[in-house]
Asks: 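Handing you a structure now.
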Amino acid sequence: MRELLLIGIGTGNPDHLTAEGRRRMAEADLILVPRKGRDKSDLAEIRRAICADAAPLVPVAEFDLPVRDAANPDYRQGVEDWHDAIALAWARAAGGAARVALLIWGDPSLYDSSLRIAARLDPAPQVRVVPGITAIQALCAAHAIPLNAVGAPVLVTTGRRLRDEGWPAGVDRLAVMLDGETSFRGLDPRGVRIWWGAYLGMDEQILEAGPLAEAGPRILAARAAARARHGWIMDIYLLDRGTDDRRKGGPEGGPGET
């Protein structure tokens, strides 16, 4: 493998693929498609559909994605071992292809491990990144809200960090990713608003928003039902406390200050 193309494909909507992404796919010698088991077969099928539409002449190689050992008490070491196994799976699936493409959910730069895994390949290929639409962008677009309050910061974090450490000091707005445990349940809901979305950009898209005390139970019910129906779920949410953009046309109003 001389060149590895990491192509962001957004959150499941084929229209999220950029013109550059299509061009890079068509230039590849091989496109790798990971399989994540029967319960998540839809994810591989979406990738197959994108390949058939954007690069029908490029061969596709499917491989079984290694599973992280969730029982490992050392979380970081467990992730390191997992990434080693994935890098090996990439190399084996690539075979003798010189220019290989991988389709990455969202964008390779945001809470995605593909760049770290690529750094483990030996010999090291040239890595090219094609940016994609992130889940954060798709969430804000779906709710028609700005990501940040006027002049205010936003912290992007994970459900595990929120669950273990609570609300971070010094910031009122959080974008929470990778939260399979709905960690917002551990927060004091007073004064907190939430904007939540699952299967963003897809036909199955689900949205909920409102004060956390009211929207939280609706989200839990909708999430459980959707996971039971599909066998998997990808979701993300934005939390806000202490700011109120409604007077300026922010999350609750029309066009606001920029």
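What you see is a predicted model; the values in this text were computed from it and never measured.
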Asks: For Gly159 and Ser183, work out which heavy atoms get closest and say how close.
Replies: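 In this case the closest contact between Gly159 and Ser183 is O-OG, 3.0 Å.
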Asks: Can you hop from Val33 to Met25 via hydrophobic side chains spaced under 4.5 Å?
Replies: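 Cluster IDs for Val33 and Met25 match.
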Asks: How many angstroms lie between SG in Cys51 and CG in Leu17, if you round to the nearest 0.5 Å?
Replies: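 Nearest 0.5 Å value for the SG-CG distance: 9.5 Å.
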Asks: Hey, could you give me each pair passing salt bridge (charged side-chain N to carboxylate O under 4.0 Å, His left out) that has a residue in residues 129-141? Not counting sequence neighbours.
Replies: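 Applying salt bridge (charged side-chain N to carboxylate O under 4.0 Å, His left out) to every pair that reaches into residues 129-141, excluding sequence neighbours, yields nothing.
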Asks: Consider only side-chain heavy atoms of I, L, V, M, F, W and Y, link residues closer than 4.5 Å, and tell whether Val176 and Leu110 are in one cluster.
Replies: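 Hydrophobic grouping puts Val176 apart from Leu110.
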Asks: Which residues pass the salt bridge (Lys or Arg N to Asp or Glu O under 4.0 Å) test with Asp42, not counting sequence neighbours?
Replies: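 Applying salt bridge (Lys or Arg N to Asp or Glu O under 4.0 Å) to Asp42 gives none.
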Asks: Test side-chain contact (heavy atoms from CB on, under 4.5 Å) on Leu238 and Ile194 and set out the steps.
Replies: CA-CA 6 Å; Leu238 185 67; Ile194 187 169; over 6 Å; no
Asks: As an exercise, state the distance from CD1 of Ile136 to CE of Met177, rounded to the nearest 0.5 Å.
Replies: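 Reported value, rounded in 0.5 Å steps: 5.0 Å.
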Asks: Under 4.5 Å between any side-chain heavy atoms of Arg185 and Leu187, yes or no?
Replies: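 No, too far: nothing below the 4.5 Å cut-off.
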Asks: If a pair satisfies ring pair (Phe, Tyr, Trp, His ring centres under 6.0 Å) and one of its residues is in residues 212-234, list it, with sequence neighbours excluded.
Replies: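 Non-adjacent pairs meeting ring pair (Phe, Tyr, Trp, His ring centres under 6.0 Å): Tyr199-His230, Tyr199-Trp232.
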Asks: Distance check, rounded to the nearest 0.5 Å: Leu102 atom CG versus Leu32 atom CG?
Replies: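 So the CG of Leu102 and the CG of Leu32 are separated by 4.5 Å.
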Asks: What pairs with Glu165 under side chain to side chain donor-acceptor pair (under 3.5 Å), at least two apart in sequence or on another chain?
Replies: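 Once residues adjacent in sequence are excluded, the partners of Glu165 under the side chain to side chain donor-acceptor pair (under 3.5 Å) criterion are Arg161.
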Asks: Report the residues that fulfil salt bridge (Lys or Arg N to Asp or Glu O under 4.0 Å) with Arg218, sequence neighbours left out, ordered by chain and then residue number.
Replies: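 Arg218 satisfies salt bridge (Lys or Arg N to Asp or Glu O under 4.0 Å) with Glu208 once adjacent residues are dropped.
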Asks: Determine, step by step, whether Leu174 and Val154 satisfy the side-chain contact (heavy atoms from CB on, under 4.5 Å) criterion, reporting the C-alpha distance in whole Å, the side-chain angles of both residues, the deciding distance to 0.1 Å, and the verdict.
Replies: CA-CA 6 Å; Leu174 309 176; Val154 179; over 6 Å; no
Asks: So, Thr11 side chain and Leu200 main chain: donor-acceptor pair closer than 3.5 Å or not?
Replies: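 Looks like yes, one N/O pair under 3.5 Å.
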Asks: Restricting to non-hydrogen atoms, name the atom on Ala149 and the atom on Arg173 that form the minimum distance, rounded to 0.1 Å.
Replies: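 Result for this residue pair: N-NH1, 3.5 Å.
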Asks: If Ile, Leu, Val, Met, Phe, Trp and Tyr residues are connected whenever their side-chain heavy atoms lie under 4.5 Å apart, and connections chain through other members, are Leu178 and Ile236 in the same group?
Replies: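 Linked, Leu178 and Ile236 end up in one cluster.
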Asks: Taking the side chain as every heavy atom from C-beta outward, state whether Ile46 and Met202 have any atom pair closer than 4.5 Å.
Replies: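 Contact flag for Ile46/Met202 side chains = yes.
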Asks: Checking Ser113 now: which residues fulfil side chain to side chain donor-acceptor pair (under 3.5 Å) with it, not counting sequence neighbours?
Replies: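 Only His83 meet the side chain to side chain donor-acceptor pair (under 3.5 Å) criterion with Ser113.
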Asks: Look at the side-chain heavy atoms of Ile, Leu, Val, Met, Phe, Trp and Tyr, link any pair under 4.5 Å apart, and say whether Leu43 and Ile9 land in one connected group.
Replies: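 Yes, it is one cluster - the side chains of Leu43 and Ile9 are joined through contacts under 4.5 Å.
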Asks: Do the charged groups of Arg193 and Asp240 touch, with an N to O distance under 4.0 Å?
Replies: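 So Arg193 does not pair with Asp240 through a salt bridge.
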Asks: Kindly compute the distance separating CH2 (Trp195) from CG (Leu147), expressed to the nearest 0.5 Å.
Replies: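 Rounded to the nearest 0.5 Å, the CH2-CG separation comes to 10.5 Å.
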Asks: Check whether any side-chain heavy atom of Trp82 lies under 4.5 Å from a side-chain heavy atom of Ile117, and answer yes or no.
Replies: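 When only atoms from C-beta onward are counted, Ile117 and Trp82 do not touch, as no gap falls below 4.5 Å.
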Asks: Under the side chain to side chain donor-acceptor pair (under 3.5 Å) rule, collect the residues that match up with Thr158, sequence neighbours excluded.
Replies: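 Not a single residue meets the side chain to side chain donor-acceptor pair (under 3.5 Å) criterion with Thr158.
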Asks: Is the shortest side-chain heavy-atom distance between Trp167 and Leu239 below 4.5 Å?
Replies: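 With C-beta onward as the side chain, the pair touches.
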Asks: Can you list every pair that meets side chain to side chain donor-acceptor pair (under 3.5 Å) and has a residue in residues 43-53, with sequence neighbours left out?
Replies: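 Applying side chain to side chain donor-acceptor pair (under 3.5 Å) to every pair that reaches into residues 43-53, excluding sequence neighbours, yields Arg22-Asp53, Glu45-Arg48, Arg48-Glu62.
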Asks: Please identify each residue that fulfils salt bridge (Lys or Arg N to Asp or Glu O under 4.0 Å) with Asp179, with sequence neighbours left out.
Replies: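 Salt bridge (Lys or Arg N to Asp or Glu O under 4.0 Å) list for Asp179, sorted by chain: Arg163.
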Asks: Assess whether a salt bridge exists between Arg120 and Glu80, defined as any Lys/Arg side-chain N lying under 4.0 Å from an Asp/Glu carboxylate O.
Replies: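 Here Arg120 pairs with Glu80 in a salt bridge, since their nearest N and O are under 4.0 Å apart.
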Asks: Determine whether Asp81 and Arg68 satisfy the following criterion, side-chain contact (heavy atoms from CB on, under 4.5 Å), listing intermediate values before the conclusion.
Replies: CA-CA 8 Å; Asp81 294 342; Arg68 181 174 66 87; over 6 Å; no
Asks: Does any part of the side chain of Phe63, heavy atoms only, come nearer than 4.5 Å to the side chain of Arg92, both counted from C-beta?
Replies: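 Not touching, per the 4.5 Å side-chain cut-off.
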Asks: Search all heavy atoms of Pro108 against all heavy atoms of Val130 and return the closest pair with its distance.
Replies: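 Scanning both residues, the minimum pair turns out to be CD-O, 4.1 Å.
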Asks: So Ile133 and Asp107, side-chain contact (heavy atoms from CB on, under 4.5 Å) or not? Walk me through it.
Replies: CA-CA 6 Å; Ile133 293 173; Asp107 182 271; over 6 Å; no
Asks: What's the spacing between Leu139 CG and Leu207 CG if we round to 0.5 Å?
Replies: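 Nearest 0.5 Å value for the CG-CG distance: 7.5 Å.
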Asks: Centre of Tyr75's six-membered ring, under 6.0 Å away, within 45 degrees of the axis: is that where NZ or CZ of Arg160 sits?
Replies: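 Yes - Arg160 lies over the ring of Tyr75, closer than 6.0 Å to its centre and within 45° of its axis.
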Asks: Less than 4.5 Å apart, side chain to side chain, heavy atoms only: is that true for Pro125 and Met1?
Replies: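 Pro125 reaches Met1 side chain to side chain.
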Asks: Does Asp29 have any side chain to side chain donor-acceptor pair (under 3.5 Å) partners at least two apart in sequence or in another chain, and if so, which?
Replies: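 Partners of Asp29 by the side chain to side chain donor-acceptor pair (under 3.5 Å) criterion come out as none, since no residue qualifies.
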Asks: Are Val171 and Phe184 connected in a single hydrophobic cluster, I mean Ile/Leu/Val/Met/Phe/Trp/Tyr linked by side-chain heavy atoms less than 4.5 Å apart?
Replies: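 Hydrophobic grouping puts Phe184 with Val171.
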Asks: Using salt bridge (Lys or Arg N to Asp or Glu O under 4.0 Å) as the criterion, list what pairs up with Arg190, not counting sequence neighbours.
Replies: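 Only Asp188 meet the salt bridge (Lys or Arg N to Asp or Glu O under 4.0 Å) criterion with Arg190.
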Asks: Report yes if the side chains of Leu65 and Val67 come closer than 4.5 Å at any heavy-atom pair, otherwise no.
Replies: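 When only atoms from C-beta onward are counted, Val67 and Leu65 do not touch, as no gap falls below 4.5 Å.
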Asks: So which pairs with a foot in residues 224-237 pass salt bridge (charged side-chain N to carboxylate O under 4.0 Å, His left out), sequence neighbours left out?
Replies: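 Output for this query lists Arg223-Asp235.
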Asks: Would you indicate whether the side-chain heavy atoms of Val58 and Glu27 approach each other to under 4.5 Å?
Replies: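 Side-chain contact under 4.5 Å: no.
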Asks: State the CH2-CG distance between Trp105 and Asp112, to the nearest 0.5 angstrom.
Replies: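 Rounded to the nearest 0.5 Å, the CH2-CG separation comes to 12.0 Å.
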Asks: For Ala54 versus Pro56, what's the shortest heavy-atom pair and its separation?
Replies: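 For Ala54 and Pro56, the tightest heavy-atom pair comes out as C-CD, 3.6 Å.
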